[in-house]
Amino acid sequence: MMIFNNILIYFVIIPLLTLAGLAFCTNAGRGIRAIRAVAVTGATALVALAAYLVYVFLQTRAAGVADEMILRSDVMWYAPLNIKLALGVDGVSVVMIVLSAIIVFAGVFASWKMSPLPKQFFLWFFLLSTGVFGFFISIDLFTMFMFYEVALIPMYLLIGVWGSGNKNYSAMKLTLMLMGGSALLMLGIIGIYFHSAPEGSPLTMNILEIAHADAIPHEWQMYLFPLTFVGFGVLGAMFPFHTWSPDGHASAPTAVSMLHAGVLMKLGGYGCFRIAIFLMPFAANQLAWVFLTLTGISVVYGAFSACVQTDLKYINAYSSVSHCGMVLFAILMFNTTAMTGAVLQMLSHGLMTALFFALIGMIYGRTHTRDIQKMGGLMQIMPYLGVGYVIAGMASLGLPGLSGFVAEMTIFVGSFMHEDLFRRVLTIVGTSSIVITAVYILRVVGKLLFGPVIDEHHRSLTDATWEEKLSTGTLIVCVAAIGCFPNFFVNIISSSFEPVVQALMNN
C-alpha cells in the first residue's frame with residue numbers, strides 16, 4: 001500500500017511494534033532487561049524518526065512547496081461515511097511530534113526502575129504514545145478523534161495501578177471529566193460532518209476539504225464551536241474545567257505525569273487551533289470574548305493557586321493550568337505573532353513541566369515526601385537534581401536564554417498588538433502571572449534546596465543515577481536550545497498560521 005511509503009505512518013507503527021516486543025517479555029529475571037531494551041529501542045527510534053521528519057519538512061519548504069500540509073496520504077477506511085486514513089503535517093504538527101518523541105524518550109529513562117509490573121506499565125505507556133502520535137499526524141476528523149480516545153483511555157490504569165496517594169479517586173475524576181469533554185467533542189464532530197460540504201456534494205471528514213468548502217452555516221457554527229472548543233479545552237485545563245488536572249498529576253507516576261502534562265494537554269490546544277478555529281472562523285470571531293475571559297482566568301487563577309500549595313506536584317499542576325491557559329489565550333488573539341507564541345509555549349511548557357515532574361518524582365523517590373515544609377537544604381545533598389530544579393524554575397518564570405522567556409514574550413507582544421481594547425486589557429491582566437510565577441518558583445527553590453537541612457535522615461540520600469541524568473539532561477538541553485535558538489523553531493511553524501488567519505479575516 002502507498003501509505004507505507006509515507007514516513008508519518010511509522011510514528012504509529014513504531015509504538016505498535018514496541019508493544020509487540022513488550023508482549024514477549026516477562027516481569028522477572030532477565031525479562032526486566034528485555035523490557036528496558038525494547039522500551040529504549042522504541043523511544044530512540046521515535047526520536048530519530050522525528051529528527052528525520054524535521055529534515056524532510058525543512059527541505060520540502062526550502063524547495064518551494066507551499067502546500068498547507070505536506071507528506072499527504074489518503075486511504076479509504078470506511079466508504080459509507082467517506083472516512084479515510086488521511087495523513088499530513090504542517091509546521092505545528094512537526095514540532096508537536098518532536099516534543100512527543102523527546103518526552104517519550106525521557107519518560108522511559110525516568111521509569112527505569114518502575115515496579116511493580118514494569119511490562120504492563122510500558123505497554124500502557126506506549127499505547128498512550130500511539131494515540132498521541134496518531135492524533136498529530138491525522139487530518140481526518142474521525143481518525144483524529146479515534147487516536148484522541150486511544151491517548152486518553154490508558155490514563156485510568158496508569159494512574160489507578162501505578163499511581164500514589166488518592167490514586168483511585170484521581171484516576172476516576174480524570175477519566176470522567178475527560179470523557180465528558182470527549183462526548184462534547186464527538187457531538188461537535190458529527191455536526192461538522194453533516195455540514196461539511198455544500199448541498200449536493202459528498203460529505204467529508206477531511207479537515208482541509210471542510211475548510212476549503214467553507215460550507216458550515218454561520219448559525220450552526222455558533223452551536224458547534226463551543227462544543228469543540230470546550231471539548232478540547234477540558235484537556236487543555238481551561239477554567240472551570242481544570243479540576244481534574246491537579247489531582248490527576250499529583251497521583252500519576254513520574255513518566256505518566258511527564259507525558260500527560262508535557263504532551264497530552266497539548267492535544268487540547270492543538271485541537272482548538274486545528275478544528276474549532278480553523279473550521280468555524282465566523283463563530284470563533286463572534287465567541288472569542290467568552291473563551292478569552294475563561295482562558296484569562298486560567299492564566300491568573302492557576303498562578304495564584306500554585307502560590308498556596310505545599311505539595312510539589314500540586315504546585316507544578318496548578319502552574320500547568322496557568323501556562324496552558326496562555327496557549328489557548330494566545331490562540332484566541334487571531335494573529336500570527338500570538339499564535340506563534342502559543343506553539344512556542346506548548347513546546348516550552350511541555351519540556352519544562354516534564355522536567356519538573358521528572359525531578360519531583362526523583363526527589364520523592366528519595367525523601368518519600370513532596371511537602372516542601374518537610375524538606376530543605378537538598379542542594380548540598382543532591383546537587384545535580386537541585387541544579388536541574390533551578391533550571392526548570394528559571395524557565396518557568398521566564399528567564400532570558402531559556403524557553404519560557406521566548407514563548408511568553410511572543411504571546412504577550414502578539415496579544416497586545418490587537419487593536420481591540422478588551423483584548424489589550426486582558427493581556428495586561430495576563431502579564432501579572434509572570435510576577436506571580438516568580439513568587440512561587442523562588443519560594444519553592446529557596447525552601448526546598450537552600451537553607452539548613454530540615455530532616456537529618458536526608459543527609460544519607462544519593463544524587464541522580466545515570467538514567468535519571470540522561471532523562472533530565474535531555475530535557476534541560478532542549479529547554480536551553482529553544483531559548484537560545486528560537487528562530488529555528490519559528491521558521492518551522494511560521495507558515496502554518498496563514499490559512500487560519502486568512503479564514504478569520506474573511507469572516
Side-chain angles (χ1 to χ4, degrees), residues 10-27 30-51 96-134 136 150-151 154-155 157-159 161-163 249 252-264 266 350-362 364-365 384-385 388 392 464-479:
Y10 292 96
F11 283 104
V12 173
I13 290 175
I14 289 174
L16 292 178
L17 290 176
T18 307
L19 291 176
L22 289 168
F24 291 100
C25 299
T26 61
N27 284 319
R30 294 182 178 179
I32 303 296
R33 292 183 180 179
I35 291 168
R36 293 170 178 170
V38 172
V40 169
T41 302
T44 305
L46 287 169
V47 171
L49 187 62
M96 289 297 100
I97 290 168
V98 172
L99 171 67
S100 305
I102 291 170
I103 294 180
V104 168
F105 179 83
V108 167
F109 285 98
S111 308
W112 199 250
K113 297 178 181 178
M114 173 59 65
S115 65
L117 304 174
K119 168 185 169 179
Q120 286 77 3
F121 173 83
F122 281 112
L123 280 169
W124 288 110
F125 182 78
F126 275 95
L127 181 62
L128 192 159
S129 305
T130 305
V132 167
F133 285 110
F136 287 132
V150 170
M155 289 299 300
L157 288 172
L158 286 168
I159 295 175
V161 176
W162 290 276
H249 286 144
T254 299
V256 176
S257 290
M258 292 169 67
L259 194 59
H260 190 191
V263 178
L264 204 60
K266 308 303 174 287
L351 293 167
M352 72 185 182
T353 201
L355 177 59
F356 262 130
F357 277 122
L359 294 164
I360 290 167
M362 293 165 192
Y364 174 72
Y384 179 89
L385 295 178
T465 58
W466 72 268
E467 67 273 6
E468 292 172 334
K469 289 180 179 179
L470 180 57
S471 173
T472 53
T474 301
L475 297 171
I476 289 170
V477 168
C478 293
V479 166

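Not measured: the values here are computed from a predicted model. Note: hydrogens, waters and symmetry copies are ignored here, and every other heavy atom, side chains too, is used.
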Worksheet item: Going by the salt bridge (charged side-chain N to carboxylate O under 4.0 Å, His left out) test, which pairs reach into residues 106-123, not counting sequence neighbours?
Response: Lys113-Glu467
Item to complete: Please report the closest heavy-atom contact between Ala110 and Met258, naming both atoms and the distance.
Response: CB-SD, 3.8 Å
Item to complete: Nearest 0.5 Å please: distance from the CG atom of Leu157 over to the CG atom of Leu128.
Response: 11.0 Å
Item to complete: Find the distance between SG (Cys25) and CZ (Arg33) and round it off to the nearest 0.5 Å.
Response: 13.5 Å
Do any side-chain atoms of residues 352-362 form donor-acceptor pairs under 3.5 angstrom with protein atoms, and if so which ones, sequence neighbours left out?
unit_1, atom_1, unit_2, atom_2, d
Thr353, OG1, Asn316, ND2, 3.2
Thr353, OG1, Ser320, OG, 3.2

Worksheet item: Can you name the side chain to side chain contact (heavy atoms under 4.5 Å, CB included) partners of Ala45, sequence neighbours left out?
Response: Ile14
Worksheet entry | Considering all heavy atoms, the nearest Phe136-Ser100 contact | CE1-OG, 3.5 Å
Worksheet entry | Minimum heavy-atom distance Ala39-Thr18, with the two atoms named | CA-CG2, 4.4 Å
Practice prompt. Find out whether Ile102 and Leu475 are in side-chain contact, i.e. whether some heavy atom of one side chain is under 4.5 Å from a heavy atom of the other.
Written response: yes
Item to complete: Could you list the residues that satisfy side chain to side chain contact (heavy atoms under 4.5 Å, CB included) with Val40, not counting sequence neighbours?
Response: Thr44, Val108, Phe109, Trp112
Response to the item:
Shortest non-hydrogen pair, Ala101 vs Val47, comes out as O-CG2, 3.5 Å
Practice prompt. Take Phe125 and Ser111, measure what side chain to side chain contact (heavy atoms under 4.5 Å, CB included) needs, and give me the verdict at the end.
Written response: CA-CA 10 Å; Phe125 182 78; Ser111 308; 5.7 Å; no
Item to complete: Supply the atom-to-atom distance His260 NE2 to Lys266 NZ, rounded to the nearest 0.5 angstrom.
Response: 9.5 Å
Worksheet item: When rounded to the nearest 0.5 angstrom, what is the spacing between CZ in Phe24 and CG in Leu19?
Response: 12.0 Å
Item to complete: Test side chain to side chain contact (heavy atoms under 4.5 Å, CB included) on Leu127 and Val150 and set out the steps.
Response: CA-CA 7 Å; Leu127 181 62; Val150 170; 4.0 Å; yes
Discussion item. Measuring from atom NZ of Lys469 to atom CG of Leu385, what distance do you get when rounded to the nearest 0.5 angstrom?
Written reply: 9.0 Å
Worksheet item: What residues, two or more places apart in sequence or in another chain, satisfy ring pair (Phe, Tyr, Trp, His ring centres under 6.0 Å) together with Phe133?
Response: Phe11
Worksheet item: By side chain to side chain contact (heavy atoms under 4.5 Å, CB included), which residues pair with Pro118, not counting sequence neighbours?
Response: Asn27, Ile32, Ile35
Worksheet item: Quick one: does Val256's side chain get under 4.5 Å of Trp162's, heavy atoms only?
Response: no
Response to the item:
Interatomic distance, OG@Ser129 vs CZ@Phe105, rounded to 0.5 Å, equals 13.5 Å
Worksheet entry | Heavy-atom pair of closest approach, residues Ile103 and Gly350 | CD1-O, 3.3 Å
Item to complete: Would you mind reporting whether Leu259 and Leu264 have side-chain heavy atoms less than 4.5 Å apart?
Response: no
Worksheet entry | Phe121 and Val161, any side-chain heavy atoms less than 4.5 Å apart | no
Discussion item. So which atom in Met114 and which in Pro253 form the shortest heavy-atom distance, rounded to 0.1 Å?
Written reply: CE-CB, 4.1 Å
